[in-house]
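All values below were derived from every heavy atom in this structure, side-chain atoms included, with hydrogens, water molecules and symmetry-related copies excluded. Starting from 1, each residue takes its place in the sequence as its number.
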Amino acid sequence: MKFLRRVFTLAVGEGLVRVLGVVTSVIIARSLGVAGFGSFSAIFAVALILLVFVDLGQNAHLTRMGARDSRACGGLLRDVTANKVVSAVVVAVLAGAVGILIGLDHDEVTALALMMVWTGGFTVFESVRSIARARDQFTVDSVANTLESVMRLICVVIAALLKGGLVGFALAHAMEAVLSAVAYYYWLGRGRRLACGPYRSSDSAAVLRASFPIGLTMIAMAGFYRLDQVLVHALSGAVEAGYYAAASRVTLSANAIGILVGMVSLPALSRTVAGTAAAVRELRHALWVAVVLGGVGAALVAVFAAPIVLAMFGDEYAAAIPMLRVLAPVILFSAVTVVANSAASAFHQEHRVVLRAYLLVALNLAGNLILIPRFGGLGSAVVSTVGEICMAGSILLIMRKSLVAPRPAPLSE
């Protein structure tokens, strides 16, 4: 029951966050039109991929280690923040340079650079969230998560009223993320001080080394989940990318089901020892919750795809309806993927996932390159669904021993 209560606590906040995120996307989609929304979504997908390079698994490591020793949270957060500030600057410079080289126009390059600022601020905000979850402060984290989304919505509404266009919406995201990260850090530290101690570069390097195996897996996952939007934009144009972005936005919002269960299961599993009865029980429970909730979410999205798309985005996005129906099973299987991946991280077995994850990313890329030119966003939706089924099955196969209860020791005669 404690597990379900924690999922529900996060769900209250995350549910509001997803609703606010959908409203934010609808405002951007209706303000920019199909083609403009396609371009913004492609840039946003690039930012989310690069966010993983800035994080490199450090947030998961924060939760894992903080759950075992809460006294280390402040120092870990200090070291991770230092790493991320440096990484964000490097990634921003490289992204801007690549954008210019591939021929993006001035607004697109400016928007990409601003989204790199968002990347840095948002991943630091997520680091503070990791500390809160490691210390079992799920209510605090849920409230902060909601307030962050409210602030993003306010900034986006202001950008829409000022008709800021592509650059204005990117600036809105950048400002919101930096302000949210700073505000949450001071809020979390108040009353229960985050003791950081003196900074040493060797400590930051040690955290980065410990996190890197998780980061490699997360890079593969980011490519697996985000590269499709970039490829649809590149191979089928901004309009088709706009349709696909609308369908993907609904699916990614519903994927909160798996993310929530993963958030709760990671600290819980990190406190157990792999192969023990307690670890098996926690993992089985988390998977059961993920399958039930993910299955219900997938069924609802598949059945009500048309009214969902038309109500959210309007008649001009009707072409997204068949794409959403094809993507609906992703909601179920991604929930399984998230929980199984959380178990791999908690048990320090992330290195076993890396090779298969990259293989599936390569197959996903090949499938998109073949089907997108012929079928557009619908082809990419098929690839994403098949790929998600394979990803969930692959990680479950890797973690199968963690699902088997240990045999009791034989009684001595």
Side-chain angles (χ1 to χ4, degrees), residues 6-32 37 40-41 43-45 47-48 51 55 59 77 81 111 114-133 135 137-191 245-246 248-260 262-264 297 308 311-313:
R6 289 175 174 175
V7 171
F8 179 75
T9 300
L10 286 180
V12 172
E14 192 68 25
L16 290 171
V17 166
R18 297 291 165 159
V19 171
L20 293 170
V22 167
V23 174
T24 300
S25 295
V26 169
I27 292 171
I28 297 173
R30 291 179 179 265
S31 298
L32 296 179
F37 185 52
F40 181 83
S41 297
I43 291 172
F44 192 59
L48 288 171
L51 183 147
D55 176 41
N59 286 347
L77 182 59
T81 302
L114 288 170
M115 289 306 295
M116 292 304 100
V117 178
W118 172 83
T119 292
F122 183 72
T123 190
V124 172
F125 175 79
E126 287 294 308
S127 295
V128 186
R129 290 192 68 198
S130 297
I131 293 296
R133 292 193 298 271
R135 301 193 319 191
Q137 294 176 281
F138 289 97
T139 301
V140 170
D141 181 59
S142 183
V143 172
N145 195 24
T146 303
L147 292 177
E148 186 264 343
S149 292
V150 171
M151 187 179 295
R152 183 181 304 176
L153 176 59
I154 292 171
C155 291
V156 165
V157 168
I158 293 172
L161 292 174
L162 295 176
K163 300 187 183 302
L166 191 66
V167 174
F169 287 122
L171 178 61
H173 280 72
M175 292 177 59
E176 171 273 320
V178 173
L179 291 173
S180 295
V182 173
Y184 194 19
Y185 173 81
Y186 282 104
W187 182 29
L188 191 66
R190 187 186 63 182
S248 296
R249 187 67 185 84
V250 176
T251 306
L252 292 172
S253 296
N255 282 350
I257 294 168
I259 293 171
L260 289 174
M263 284 179 179
V264 176
I308 289 172
M312 287 174 54
F313 298 100

Notebook entry, point to check: Nearest heavy-atom pair of Ala181 and Gly121: which atoms, and what distance?
Noted result: CB-O, 3.5 Å
Notebook entry, point to check: Can you tell me how far CG of Asn59 sits from CZ of Phe125, rounded to the nearest 0.5 angstrom?
Noted result: 11.0 Å
Item checked: Point-to-point distance, once rounded to the nearest 0.5 Å, from OG1 of Thr119 to CG of Asp55 -> 11.0 Å
Notebook entry, point to check: Counting only heavy atoms not in Met175, do more than 12 sit closer than 6.0 Å to its CE atom?
Noted result: no
Check: With a 4.5 Å heavy-atom cut-off, do Ile28 and His173 have their side chains touching?
Finding: yes
Check: Once the angle between the rings of Phe313 and Phe37 is folded into 0 to 90°, is it parallel (under 30°), tilted (30 to 60°) or perpendicular (over 60°)?
Finding: tilted
Note to self: Once rounded to the nearest 0.5 Å, what's the spacing between atom CE of Met312 and atom OG of Ser25?
What the structure shows: 7.0 Å
Notebook entry, point to check: Are any of the side-chain heavy atoms of Val23 and Val156 separated by less than 4.5 Å?
Noted result: no
Item checked: Where Ser180 and Met151 come nearest, the two heavy atoms and their spacing -> OG-SD, 3.7 Å
Notebook entry, point to check: Hey, what do you get for OG (Ser31) to CG (Leu161), rounding to the nearest 0.5 Å?
Noted result: 8.5 Å
Item checked: Reported CD-to-CG distance for the pair Glu148 and Leu179, which is rounded to 0.5 angstrom -> 11.0 Å
Next item on the list: Quick one: closest heavy-atom pair of Gly168 and Ala159, and the distance?
Entry: O-CB, 3.6 Å
Checklist line | For Glu176 against Cys155, the heavy-atom pair lying closest together | finding: CB-SG, 4.0 Å
Checklist line | Those residues that, when tested against Thr123, pass side chain to side chain donor-acceptor pair (under 3.5 Å) (two or more places apart) | finding: Lys84
Check: Hey, what do you get for CE (Met115) to CG (Leu48), rounding to the nearest 0.5 Å?
Finding: 7.0 Å
Check: Which heavy-atom pair separates Ala160 from Ile27 by the least distance, and what is that distance?
Finding: CB-CG2, 3.8 Å
Next item on the list: Please identify each residue that fulfils ring pair (Phe, Tyr, Trp, His ring centres under 6.0 Å) with Phe122, with sequence neighbours left out.
Entry: Trp118
